[in-house]
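For reference, the structure discussed in these notes is given below.
If you're wondering where the values come from, they're calculated on a predicted model, not measured in any experiment. All chains are named by letter (A, B, ...) in the order of the sequence lines, taking the proteins before the strands, and each is independently numbered beginning at 1.
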Amino acid sequence: MKRVYVKEEVCIGCGLCQVYCQVEQSQSKDIIKAFKREAPRPLPRVHVERNVEICFPIQCRHCTEPWCVYSCLTGAMHKDPVSGMVSVDMEKCIGCWTCIVACPYGALSRDLNSKTIIKCDLCPGREIPACVLNCPNEALVLGVDEKEE
Amino acid sequence: MQTKYLIIGNSAGGIGAAEAIRQMDKKGALTIVSDEPYPAYSRPLISKYLTGERTLEEILFRPPDFYDQNNIIFLPGKEVTHVELDHQTARLEDGEQIAWEKLLFAVGGKPIFPKMKGSGKRGVFTFTNLDDAKAIDRFLDNARKAVVIGGGLIGISVTEALIKRGVDVIVVEMKERILNTILDQQASLMAEEVLKQAGVEIIAGHTVVKISGRKAVKEVILDNGVAIPCDLVVVAIGVSPRPELALDAKLEINRGIVVDRHMATNHPGVYACGDVAEAYDFVYGENRPTPIWPNAYVGGRIAGFNMAGVTAEYPGGTAINSLNYFGIDIASAGMPTAPNDDGYETISKQEGNIYQKVILKNDLIMGMIFVGNIEKSGVIFGLMRDRVNVESFKQSLLADDFGLAFFPRPLWQERLTPSPDITLQPALPIEAEEETFAGE
Ligand code: SF4
Ligand code: SF4
């Protein structure tokens, strides 16, 4: 099971992980076009939390016991038994937001356009997720839980 | 026939149990009996079925090949009429006997139907399962005006569906406001406002005493004598546990089947979960029915592990609800209003269409309500579920940017630090050396 971890002591709270996540989720994969031309603007699946001098990004932990999956009313939220990744089936999701109430990390967001949940998908097709790749201070690292493989 | 595991009920609880059992025991014979003729579907989605937004295939809770894939013997459309706990058998309506080793009651609840004259007339429905939705759907060609009895979750959900189908709706709520068991006064008012804007009429503080008409519904009569003409009545007062089978079997029953933290009943090898059970509620610190989908699934999952011989404990559940009827997002959990006792503290905030409230006692979160902006409700609910003492940061609970960063350091570290089993990969593939993660 892969997930992204943060080294809080080196996170500078710049929010670039969030920006690159948006670019990754965009049509154009171009930072200027993604922000200035694409409507709706792609939404980030990672959020930087800041409280005075503390800051760190939060994205889905792809939990071993995922509350979001257990709470989903429709079966849209599911955990892949092989990869361990937690993902949402946009066709099935009805945007009831029950999983938002269930997730203790606040890792899920509402896409008010499609009325579905959006969340970290670990960047399919990439070896290393965009947030990890683009953090200027290497505050994000990809971790692999061997036990769970 | 013989089976190792017998699950009676095919909704959230039954499926949760089956999935947990199969995680631990791939082979042991597993049988699910359901009195409904359908594969597991999402009950909360029957309103989307009624509006025509979704077909049966589109409201299935699991893929159609779920039972085959998991090697489950699925007996749809069969009713269990009797269980013998000492002999470990169950009898189906058609006379078939099933011998089991472990049994789970996941039979759900049944709609509460108050005594009312004329409730047998054509045009009177309940709204808890797919057949109810189908029956209403078939009837809608003849219906212009509906009275929904009960302004709770089920009532509001069917109200929204009927409005979308072009039917006029009047909601009759016995208490002084709708959604009164899960919302406080302020949030109820906000919900009422959007309903009214959608054209729904709400009559609060009254009950229906009589449904009249020759064979079909013509009008309902309220307790104050007022008659409301209508051609459709939906009784949506709520559900109560359906423990008849268990009663027969002499299990301990209060309002629902009483279970311990392993979801086990007082009879060895027999478990219960979901709307039929009365499991631990961590807010009230006692067993209570919390008839909501997520608790049924989690309870079923815990039951399933224990049935498969792997000890697992139910963390407890409380009423949690997320609703977004008529375009307003509302999340609530635990107590909607603080009881009139000493020691409760309420923090709330209102800005335009956003309303947020947290109820505390001894610095533990006892209840929460979020209207409008609900994105951080999960973080608050997580603190509530984990029974975290929030004294040192309670002033921030409703901050706009609230999140884990507002927790005391050890608390967020515990949640974010990788366990020792985890190998951290170098951030950039070009780096030769493996990064070490120091943490703090
Ligand atoms: S959304 Fe939340 S609960 Fe679900 S896997 Fe991710 S972090 Fe865990
Ligand atoms: S919002 Fe979507 S993913 Fe979340 S619980 Fe509802 S249906 Fe499931």
Side-chain angles (χ1 to χ4, degrees), chain A residues 1-3 5-9 47-52 54-56 58 61 64-65 67-76 78 81 91-92 94-110 112 115 127-128 132-133 135 138-148, chain B residues 12 16 40 42-45 48 54 58-63 293-294 297-298 301 320-324 329 331-333 370 374-379 381-383 385-386 396 401-406 409 412-413 415-419 421-429 435 437-440:
Chain A
M1 172 63 238
K2 287 187 193 169
R3 53 174 82 87
Y5 291 95
V6 59
K7 301 181 198 171
E8 174 267 339
E9 70 283 9
H47 295 272
V48 178
E49 293 202 357
R50 300 179 181 88
N51 175 22
V52 201
I54 297 172
C55 54
F56 49 74
I58 289 277
R61 315 310 303 147
T64 313
E65 290 289 328
W67 284 108
C68 60
V69 173
Y70 301 156
S71 303
C72 176
L73 299 189
T74 64
H78 58 283
E91 294 282 300
K92 281 197 106 174
I94 50 159
C96 67
W97 319 137
T98 306
C99 52
I100 291 190
V101 189
C103 168
Y105 292 93
L108 299 169
S109 316
R110 299 174 289 177
L112 295 174
K115 276 279 265 164
E127 196 59 29
I128 304 219
V132 175
L133 212 53
C135 173
E138 293 178 21
L140 287 169
V141 272
L142 189 64
V144 180
D145 189 343
E146 329 249 278
K147 258 217 195 140
E148 245 191 87
Chain B
S42 166
R43 275 176 206 265
L45 279 184
K48 304 261 180 212
R54 301 232 169 174
E58 289 164 344
I59 66 168
L60 290 186
F61 187 49
R62 290 295 181 256
W293 188 267
Y297 185 90
V298 174
R301 184 169 174 81
I320 75 160
N321 286 289
S322 171
L323 24 157
N324 43 15
D329 288 340
S332 82
F370 285 77
I374 60 144
E375 296 224 338
K376 291 300 163 65
S377 58
V379 182
F381 184 64
L383 293 167
R385 180 170 46 210
D386 294 344
S396 316
D401 50 355
F402 180 71
L404 269 65
F406 287 81
R409 180 170 285 263
W412 62 252
Q413 266 180 344
R415 284 163 174 72
L416 296 182
T417 308
S419 79
D421 302 323
I422 291 170
T423 321
L424 294 175
Q425 298 189 338
L428 297 166
E435 296 235 355
F437 181 75
E440 276 257 356

Based on non-hydrogen pairs under 4.5 Å, which of [options] is most in contact with chain B?
options	answer
A/C103, A/P104, A/G75	A/P104
A/L112, A/V52, A/I100	A/I100
A/H47, A/E65, A/K115, A/K92	A/K92

Of all of B/S42, B/P63, B/G16, which one pairs up most often with chain A through heavy atoms under 4.5 Å apart? B/S42
Using a cut-off of under 4.5 Å for heavy-atom pairs, which of B/R385, B/R415, B/R54 has the most such pairs with chain A? B/R385
Taking side chain as everything from C-beta outward and backbone as N, CA, C, O, which of these in [X] sits under 4.5 Å from a heavy atom of chain A? Side chain, backbone, both or neither.
X	result
B/R43	neither
B/I374	both
B/D329	side chain
B/L404	both

Is it the backbone or the side chain of [X] that comes under 4.5 Å from a heavy atom of chain B, or both, or neither?
X	answer
A/R61	side chain
A/C72	backbone
A/E127	neither

Are side-chain heavy atoms of [X] and [Y] found at a separation under 4.5 Å?
X	Y	result
A/E8	B/W412	yes
B/K48	A/I94	yes
B/W293	A/T98	no
B/N321	A/V101	no

How close do A/Y5 and B/T417 get, counting heavy atoms only, and between which atoms? CE2-C, 4.4 Å
Please name the pair of heavy atoms, one in B/P294 and one in A/L73, separated by the smallest distance, quoted to 0.1 Å. CD-CD2, 4.2 Å
Do the side chain of B/E375 and the main chain of A/G106 share a donor and acceptor less than 3.5 angstrom apart? no
Do the rings of A/Y70 and B/Y297 sit parallel, tilted or perpendicular, given the 30° and 60° boundaries? parallel
Euclidean distance, B/L416 CG relative to A/I58 CD1, rounded to 0.5 Å: 4.5 Å
